[in-house]
Trainee: 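Before we start, here is the structure in question, set down as structure tokens.
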Amino acid sequence: MRNASSRQGKISLIDFVRLHDLLFDQEGELIYQISGRFDKNKKPGLDIEIRGKIHLNCQRCLDKLVHHVDLQTFLILVKNEEELDLIDEDDTIDAILAAPDLDVTNLIEDEIILNLSIASCHAEGECSTLKLQSAESDLIGKTQSAHPFAVLAALKKTN
């Protein structure tokens, strides 16, 4: 890192190919800023900020889940694989191999994927299927005393 500089911009979600399987749709874009600086130990690194909104698949109801991305991280730049292996032993430090042709889109996509939860889902009671099940159980409770097939008749009327 000879001259610390900054790069910022917007990237469309369509450009994040590896992220597509996790997304409900590819609408929108993310805003990023990457700045070079030295850490407290005089090691070169990158400050990365990513902001925006993505639509994930809720793992409970499979409907759209709005997820706000607000990431800030610092990655130490290392010269070779040996230095990377040494730093990887410390779980509190994140590092990447310094390369003159570092792909910003892949770097940002990596950070987003690493920061997503394993099973993203709506807050309790907000899933569309749970609301449907609740309405269905209310309907069953009201018609249960009338006739055993009244539930089927009620469902047939709602569809």
Side-chain angles (χ1 to χ4, degrees), residues 1-138 158-159:
M1 197 162 76
R2 291 179 196 98
N3 46 353
S5 62
S6 181
R7 181 173 174 181
Q8 59 189 4
K10 296 178 182 180
I11 300 178
S12 173
L13 292 178
I14 294 171
D15 296 334
F16 298 123
V17 177
R18 291 176 292 140
L19 194 59
H20 285 183
D21 289 342
L22 303 173
L23 296 175
F24 184 81
D25 57 36
Q26 285 96 35
E27 292 179 17
E29 60 190 12
L30 295 174
I31 299 168
Y32 72 91
Q33 180 171 346
I34 301 175
S35 305
R37 72 169 173 90
F38 290 95
D39 72 354
K40 62 184 178 207
N41 297 323
K42 304 290 186 219
K43 292 186 179 186
L46 299 174
D47 271 319
I48 301 172
E49 293 182 36
I50 308 165
R51 298 195 187 333
K53 183 172 63 171
I54 60 176
H55 300 150
L56 300 173
N57 291 306
C58 174
Q59 298 301 308
R60 190 178 298 135
C61 69
L62 301 178
D63 203 3
K64 182 184 345 184
L65 170 67
V66 177
H67 177 75
H68 295 278
V69 177
D70 187 11
L71 301 175
Q72 293 179 327
T73 189
F74 180 73
L75 300 176
I76 292 178
L77 295 170
V78 296
K79 297 175 187 174
N80 53 44
E81 293 286 337
E82 292 83 29
E83 195 176 344
L84 187 61
D85 289 340
L86 287 173
I87 289 180
D88 275 347
E89 291 175 7
D90 185 352
D91 290 340
T92 62
I93 301 172
D94 293 324
I96 58 171
L97 196 57
D101 58 344
L102 184 65
D103 186 346
V104 172
T105 303
N106 281 338
L107 178 63
I108 291 171
E109 188 174 24
D110 287 344
E111 289 303 312
I112 294 167
I113 291 170
L114 289 170
N115 282 282
L116 289 177
S117 65
I118 294 173
S120 301
C121 57
H122 291 105
E124 195 67 37
E126 290 185 15
C127 286
S128 57
T129 58
L130 293 178
K131 291 176 186 174
L132 180 63
Q133 287 174 351
S134 175
E136 187 177 295
S137 67
D138 288 346
T158 59
N159 290 332

Trainee: For atom CZ of Arg7, decide whether the heavy atoms of other residues, nucleotides or ligands shown that lie under 6.0 angstrom number more than 12.
Mentor: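 No, because the 6.0 Å sphere around CZ of Arg7 holds 12 heavy atoms or fewer from other groups.
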Trainee: Counting C-beta onward and ignoring hydrogens, is there a side-chain heavy-atom pair between Gln26 and Leu19 closer than 4.5 Å?
Mentor: no
Trainee: Rounded to the nearest 0.5 Å, what's the gap from OG1 on Thr73 to CG on Asp94? Could you check?
Mentor: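 So the OG1 of Thr73 and the CG of Asp94 are separated by 5.0 Å.
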Trainee: To check you understand the geometry: which heavy-atom pair defines the closest contact between Glu29 and Ser12, and what is its length?
Mentor: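 Looking at all heavy atoms of both residues, the closest pair is CB-CA, 3.9 Å.
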Trainee: Any non-hydrogen side-chain atom of Ser35 less than 4.5 Å from a side-chain atom of Arg37?
Mentor: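 A side-chain contact is absent here, since even the closest heavy-atom pair is not under 4.5 Å.
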Trainee: Any idea which heavy atoms bring Ile96 and Leu102 closest together, and the distance?
Mentor: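 Looking at all heavy atoms of both residues, the closest pair is CD1-CD2, 4.1 Å.
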Trainee: To check you understand the geometry: which heavy-atom pair defines the closest contact between Leu13 and His20, and what is its length?
Mentor: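 Reported closest heavy-atom pair: O-NE2, 3.4 Å.
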Trainee: Could you tell me which non-hydrogen atom of Glu109 sits nearest to which non-hydrogen atom of Val17, and how far apart they are?
Mentor: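 Between these two residues, the closest heavy atoms are OE2-N, 3.3 Å.
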Trainee: If you measure from CG on Leu65 to SG on Cys121, what distance do you get to the nearest 0.5 Å?
Mentor: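 Separation between the atoms: 7.5 Å.
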Trainee: What's the separation between atom CG in Leu77 and atom NZ in Lys43, rounded to the nearest 0.5 Å?
Mentor: 11.5 Å
Trainee: About how many Å separate CG of Asn57 and CZ of Phe24, when rounded to the nearest 0.5 Å?
Mentor: 6.5 Å
Trainee: Can you confirm whether Glu49 sits close enough to Glu111 that some side-chain heavy atom of one is under 4.5 Å from a side-chain heavy atom of the other?
Mentor: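 The answer is no; the side chains never approach within 4.5 Å.
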Trainee: Which residues satisfy the side-chain hydrogen bond (donor to acceptor under 3.5 Å, both in side chains) test with His122, sequence neighbours excluded?
Mentor: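 For His122, no residue satisfies side-chain hydrogen bond (donor to acceptor under 3.5 Å, both in side chains) once neighbours in sequence are set aside.
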Trainee: Are the side chains of Ile31 and Gln8 in touch, meaning some heavy atoms are under 4.5 Å apart?
Mentor: no
Trainee: Drop me the distance from Leu71's CG to Asn115's CG, to the nearest 0.5 angstrom.
Mentor: 4.5 Å
Trainee: Within the 4.5 Å heavy-atom criterion, are Arg51 and Leu30 side-chain neighbours or not?
Mentor: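 In short, these two side chains do not touch, never coming nearer than 4.5 Å.
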Trainee: With the side chain counted from C-beta on, respond yes when Ile54 and Leu116 share a heavy-atom pair under 4.5 Å apart, and no when they do not.
Mentor: yes
Trainee: With rounding to the nearest 0.5 Å, note down the distance linking CD1 in Ile108 to CD1 in Ile113.
Mentor: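 It comes to 12.0 Å.
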Trainee: How close do Thr105 and Phe16 get, heavy atom to heavy atom, and via which atoms?
Mentor: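 Looking at all heavy atoms of both residues, the closest pair is O-CE2, 3.6 Å.
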Trainee: List the atom of Leu84, the atom of Ala95, and the distance in Å for their closest heavy-atom pair.
Mentor: CD1-O, 3.7 Å
Trainee: Could you tell me if the side chain of Leu107 sits less than 4.5 Å from the side chain of Leu46, heavy atoms only?
Mentor: yes
